[in-house]
Amino acid sequence: MHLGRKTLSKFLIENVSGSHEGAALAALLVDVAAAVKAIAALSAKGALGGVAGTLESVNVQGETQKPLDVLSNTAFVNTFQLGGLVAGVASEEMDDPFPIRAPHTRGPFLAIFDPLDGSSNIDANVSVGSIFSILHAPGQQEPGLDDYLQPGTRQVAAGYALYGPATLLVLTVGRGTHGFTLDREVGNFILTHPDIKIPADTNEFAINTSNERFWEPPVSRYVEECKAGKTGPRERDFNMRWIASMVAEVHRILMRGGIFMYPRDTKDPSKPGRLRLMYEANPMSFIVEQAGGGASTGRERILDIVPGQIHQRAPVILGSRNEVDRLVRYHQEYDAGTDKSYDSPLFSERGLYRP
Ligand code: AHG
Ligand code: MN
Ligand code: MN
């Protein structure tokens with residue numbers, strides 16, 4: 001029992017529902033929590049739920065869908081459609097946004113989401129998650145594509161669910177980042193992590209080093225310096241993590257600091273990074289900034305990007321403030337041609353990122 005501890009509903013009543021719009025937003029976040037509970041129950045069944053394996057279908061990203069990708073998408077779409085609080089939804093798993101039409105009621109918001117993040121991890125029983133971003137809808141009319149293409153600074157709320165050993169819901173409405181843990185037996189989310197703050201410094205970095213040969217020089221410089229540890233320019237040892245679930249990665253950073261990088265690379269010149277701006281980079285950047293961290297492409301604050309497409313990708317560097325600032329500085333020095341680190345013996349020996 002969690003007598004005296006704050007449920008998500010109580011938190012929303014006290015902190016969000018003060019105005020007419022706030023009340024609608026609070027109700028929408030309760031709907032999100034309902035979809036999350038359904039996906040948590042489904043994913044926890046594992047192979048017993050009949051949702052293992054891969055489907056024939058391919059999403060708009062060109063990625064093969066898993067049954068749980070599709071079921072999670074349906075859980076969100078159905079919840080939003082019946083909830084009467086959004087005018088339209090857009091998802092990683094749907095080519096185009098989906099407008100809410102009669103007999104369903106349109107609401108004042110737009111919901112954009114990644115229904116299942118890290119889905120390559122499902123069959124290995126490694127943590128997965130969901131990510132969501134809430135924007136204002138244009139007005140009474142049915143939203144068009146342009147209405148979704150708002151920069152991340154205009155998000156009304158954002159959050160993620162982490163389906164790990166415990167199920168967590170972490171969200172922001174622009175007044176700090178707060179974490180709730182699902183009490184499975186009772187079915188309530190309980191406020192367990194109020195006002196999360198990311199430590200400004202860290203000894204832990206996360207990047208997929210199999211892409212190293214495609215990185216830009218400032219990223220190679222940063223990672224080389226971390227790997228050089230005590231004997232390198234950073235004069236301390238770093239540890240590395242890579243879960244391949246952005247949600248799990250961001251959650252670790254919220255809990256103990258760190259830097260997460262999926263930077264711009266030259267692997268596929270048509271893609272400026274791997275992660276999707278509107279339902280991965282933007283909501284996570286909002287959450288991280290509200291927890292005192294930084295979120296940049298290396299050259300621009302992620303939340304300032306004006307989107308051109310619903311499924312567009314963006315380079316992502318986020319986490320502990322001082323490390324993100326350092327990597328942004330490395331990009332500035334590289335672009336300005338003032339990066340003197342190429343002369344360092346550490347890098348001339350290795351010759352890894354000589355332009
Ligand atoms: P999704 O499962 O929604 O397609 O997203 C997976 C993302 C992200 O969660 C993770 O950080 C990254 O892809 C992993 O990419 P690699 O397989 O290249 O490591
Ligand atoms: Mn994802
Ligand atoms: Mn996904």
Side-chain angles (χ1 to χ4, degrees), residues 35-36 39-40 42-43 51-55 57-77 89-95 111-133 158-164 170 204-215 219 223 240-254 258-268 271-285 287-288 295 297 302 310-319:
V36 161
I39 298 167
L42 209 56
S43 58
V51 292
T54 298
L55 299 173
S57 51
V58 168
N59 69 13
V60 67
Q61 326 284 325
E63 298 163 343
T64 311
Q65 292 177 309
K66 304 252 180 183
L68 214 51
D69 281 322
V70 176
L71 289 166
S72 304
N73 189 62
T74 306
F76 274 112
V77 170
V89 297
S91 159
E92 178 189 355
E93 304 302 339
M94 301 190 296
D95 296 9
I112 309 183
F113 51 92
D114 176 353
L116 201 72
D117 175 68
S119 58
S120 73
N121 282 326
I122 296 169
D123 293 337
N125 197 25
V126 173
S127 295
V128 290
S130 303
I131 312 173
F132 66 92
S133 167
Y160 64 79
L162 175 60
Y163 313 110
V170 174
E204 211 160 58
F205 68 99
I207 191 163
N208 182 343
T209 52
S210 72
N211 294 322
E212 188 162 1
R213 67 191 185 285
F214 304 113
W215 294 343
V219 174
V223 173
M240 200 205 83
R241 291 285 181 273
W242 188 251
I243 306 172
S245 278
M246 188 194 199
V247 167
E249 227 91 57
V250 168
H251 191 68
R252 185 188 64 249
I253 289 171
L254 288 178
I259 181 167
F260 169 89
M261 296 162 274
Y262 218 121
R264 176 186 297 279
D265 63 34
T266 58
K267 195 172 185 176
D268 177 348
K271 293 177 184 167
R274 159 116 171 63
L275 298 172
R276 280 59 56 106
L277 175 65
M278 305 223 55
Y279 41 83
E280 292 177 322
N282 269 344
M284 290 309 206
S285 298
I287 286 168
V288 164
T297 65
I302 289 172
I310 201 90
H311 296 290
Q312 89 181 53
R313 298 174 192 254
V316 175
I317 295 164
L318 58 75

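One-based numbering, in listed order, for ligands and for the atoms of each.
Nearest protein heavy-atom neighbour of atom 15 (O) of ligand 1: R274 NE, 3.3 Å. Protein heavy atom in closest approach to atom 5 (O) of ligand 1: D117 OD1, 3.2 Å.
The atoms of ligand 1 that sit less than 4.0 Å from any heavy atom of S119 are 2 (O). Annotation for ligand 1: atoms under 4.0 Å from non-hydrogen atoms of D114 are 3 (O). Near E280, with a cut-off below 4.0 Å to any heavy atom, the atoms of ligand 1 are 3 (O), 5 (O). Each of the following atoms of ligand 1 lies closer than 4.0 Å to a heavy atom of W242: 19 (O). Heavy-atom proximity to M246, at under 4.0 Å, picks out these atoms of ligand 1: 8 (C), 9 (O), 10 (C), 11 (O). Those atoms of ligand 1 with a heavy atom of R276 less than 4.0 angstrom away are 1 (P), 3 (O), 4 (O), 5 (O). Short contacts between ligand 1 and N208, defined as distances under 4.0 Å to a heavy atom of the residue, involve ligand atoms 16 (P), 18 (O), 19 (O).
Using a 4.5 Å cut-off on side-chain heavy atoms (C-beta onward), L71 and L42 make contact. In this structure, the side chains of T209 and M240 come closer than 4.5 Å at one or more pairs of heavy atoms.
Aromatic rings from W242 and F205 are positioned such that their centres are separated by 6.0 Å or more. Annotation: F113 is in aromatic contact with F76 [ring centroid separation under 6.0 Å].
Protein N/O/S atoms found under 2.8 Å from the Mn ion (ligand 3), listed by chain and residue number: E92 OE1, D114 OD1, L116 O.
At a 4.0 Å cut-off, at least one heavy atom of L275 sits close enough to ligand 1 to count as contact.
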Checklist entry - Is there a side-chain hydrogen bond (donor to acceptor under 3.5 Å, both in side chains) between S133 and N282 once you walk through the steps? => result CA-CA 8 Å; S133 167; N282 269 344; over 6 Å; no
Item to check | Step-by-step side-chain hydrogen bond (donor to acceptor under 3.5 Å, both in side chains) determination, Y279 to D117 | outcome: CA-CA 10 Å; Y279 41 83; D117 175 68; over 6 Å; no
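With respect to D69 and K66, no salt bridge is recorded, no charged nitrogen being found less than 4.0 Å from a carboxylate O. Remark: R274 engages E63 in a salt bridge, criterion side-chain N to carboxylate O under 4.0 Å. Taking a cutoff of 4.0 Å between a charged side-chain nitrogen and a carboxylate oxygen, R313 and E280 do not qualify as a salt bridge.
For the residues G118, S120, A248, the heavy atom positioned nearest atom 2 (O) of ligand 1 is part of G118.
Tested against M94 for a side-chain contact (heavy atoms from CB on, under 4.5 Å), the candidates N59, V77, I310 yield a single pass: V77.
Distances from the Mn ion (ligand 2) to each N, O or S atom of E280 single out OE2 as the nearest.
With N208 contributing its side chain and A244 its backbone, the two residues share no donor-acceptor pair below 3.5 Å. Side-chain N or O atoms of S130 include one that pairs as donor or acceptor with a backbone N or O of P115 at under 3.5 Å.
When heavy-atom distances to ligand 1 are checked against a 4.0 Å cut-off, S245 comes that close only through its backbone atoms N, CA, C and O. By the criterion of a heavy-atom distance under 4.0 Å, the backbone of L116, and not its side chain, is placed next to ligand 1. Contact annotation: for E249 versus ligand 1, there are no heavy atoms closer than 4.0 Å.
Note: H251 and Y160 have perpendicular aromatic rings, judged against thresholds of 30 and 60 degrees for the angle between ring planes.
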